[in-house]
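Inspection log for the structure reproduced underneath, given as structure tokens.
Numbering of ligands and ligand atoms starts at 1, following listing order.
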Amino acid sequence: MNSKSATTPPQDSTSTHRHQAAEPEIPLFTRYAANPILTSRDWPYPINSVFNAGVAQLPNGETLLLCRVEDRRGISHLSVARSNNGIDHWRIDEEPTLEANPREYPEEIWGIEDPRITYIPELEQYAVAYTSFSRGGPGVSLALTRDFHQFERYGVVMQPEDKDAALLPRRFGGLWALIHRPVTSLGAHMWISYSPDLRHWGGHKIILEARRGGWWDANKIGLCSPPMETSKGWLTIYHGVRQTASGSIYRLGLALFDLERPEICLQRGDSWMFGPETAYERGGDVKDVVFPCGQTIGADGDTIHLYYGAADSSIALATGSIRALLAWLDANSSPWDRTR
Ligand code: BMA
């Protein structure tokens with residue numbers, strides 16, 4: 001008798017209990033073999049670390065990363081790196097591209113961080129939503145640019161404590177929509193707010209709540225990269241923070257929001273779909289962190305190049321597929337009111 005068959009239960013992938021379907025059989029994101037793609041050693045001037053980059057795909061085909069660069073005082077600024085293939089041969093601005101300007105924008109006194117870039121066809125400009133580190137804590141600031149040289153600052157659009165924001169690329173019922181993560185007495189959940197002019201914001205609503213208890217995304221979540229528009233809805237990568245006895249673990253989950261009413265969550269994955277595994281994700285200034293702030297979509301309309309900060313120390317790249325993420329959501333989400 002085959003000893004294996006005596007001890008191994010029959011394999012039937014369809015019998016897997018929903019809440020145990022934690023890891024997809026095929027990884028949803030494949031790490032670039034030569035990760036990390038950018039570190040402090042690549043920088044043309046002395047810095048501590050480079051991580052959490054906003055991403056834009058330029059009309060000339062270049063990939064632009066607006067990187068969070070932490071200097072050796074501990075204060076962050078944003079700097080541009082460009083590459084023809086989005087993988088290597090990065091050309092980095094010789095000096096900081098966008099620096100905190102606390103004289104005119106006092107909310108930027110301790111630096112600017114974690115940009116998310118959205119191209120806005122109506123304005124023919126890129127909107128950069130970033131964290132301004134103020135005396136009152138982190139807030140959300142907005143700037144518009146055509147060329148990543150000149151920036152028009154809109155100042156604080158969401159007061160502290162708030163961060164992890166991105167603008168959606170078009171209006172809904174005449175209003176712009178910003179996803180963000182305030183910390184309120186209700187907790188650290190994802191919200192949406194609307195504006196007629198990008199300056200005055202209202203209509204605030206919670207769109208995704210941090211779960212509770214033992215969940216991987218209990219108590220604190222936030223938007224990662226700007227949502228991707230698909231035929232099924234806004235495909236959205238968010239981070240969940242698990243507090244453990246030895247610190248936090250930042251992992252990535254998926255949710256889908258209604259195309260015309262982005263405040264409506266259609267699906268939410270049960271388990272995380274990407275988390276710290278490699279040495280450069282598990283060790284660094286802040287261990288166990290993967291933190292994407294942007295992606296590009298390939299010419300096939302499906303391939304995602306996800307750029308993420310690794311352990312607050314470097315920038316790494318992983319490749320995925322919109323089709324595969326949508327299929328995974330179909331197979332791995334529960335009605336969301338049962339998961340809280
Ligand atoms: C978050 C942000 C990110 C950072 C992460 C891990 O709150 O501040 O910039 O990457 O923590 O330190």
Check your understanding: What part of T131, side chain, backbone, both or neither, has a heavy atom within less than 4.0 angstrom of ligand 1?
Key -> neither

Review point. Heavy atom under 4.0 Å from ligand 1: found in R68's side chain, backbone, both, or neither?
Key: side chain

Exercise for review: Check step by step if salt bridge (Lys or Arg N to Asp or Glu O under 4.0 Å) holds for R31 and E281.
Suggested key: CA-CA 11 Å; R31 291 169 174 82; E281 296 159 357; 2.8 Å; yes

[atom] - nearest protein heavy atom and its distance:
| atom | value |
| --- | --- |
| atom 10 (O) of ligand 1 | D312 OD1, 2.6 Å |
| atom 11 (O) of ligand 1 | Y250 OH, 3.1 Å |
| atom 7 (O) of ligand 1 | K163 NZ, 3.2 Å |

Practice item. Evaluate ring-ring contact (aromatic ring centres under 6.0 Å, His included) for W110 paired with F133, printing each intermediate quantity in order. Key: CA-CA 5 Å; W110 291 323; F133 193 175; 5.6 Å; yes

Review point. Between the side chain of E108 and the main-chain N/O of S132, is any donor-acceptor distance below 3.5 Å?
Key: no

Review point. Under 4.0 Å between a Lys/Arg side-chain N and an Asp/Glu carboxylate O for R73 and D71?
Key: yes

Practice item. Salt-bridge test for R116 and D164: reply yes if a basic N is under 4.0 Å from a carboxylate O, no otherwise. Key: yes

Practice item. Please work out which of the three classes, parallel, tilted or perpendicular, describes the rings of F148 and Y126, given edges at 30° and 60°. Key: tilted

Revision key, fill the gap. Taking only non-hydrogen atoms of D114 and a 4.0 Å limit, the atoms of ligand 1 in range are 2 (C), 3 (C), 9 (O)

Practice item. Find all atoms of ligand 1 within a distance of less than 4.0 Å from any non-hydrogen atom belonging to V286, and give their numbers and elements. Key: 12 (O)

Check your understanding: Would you say E113 has any N or O atom under 3.5 Å from an N or O of ligand 1, going by distance alone?
Key -> no

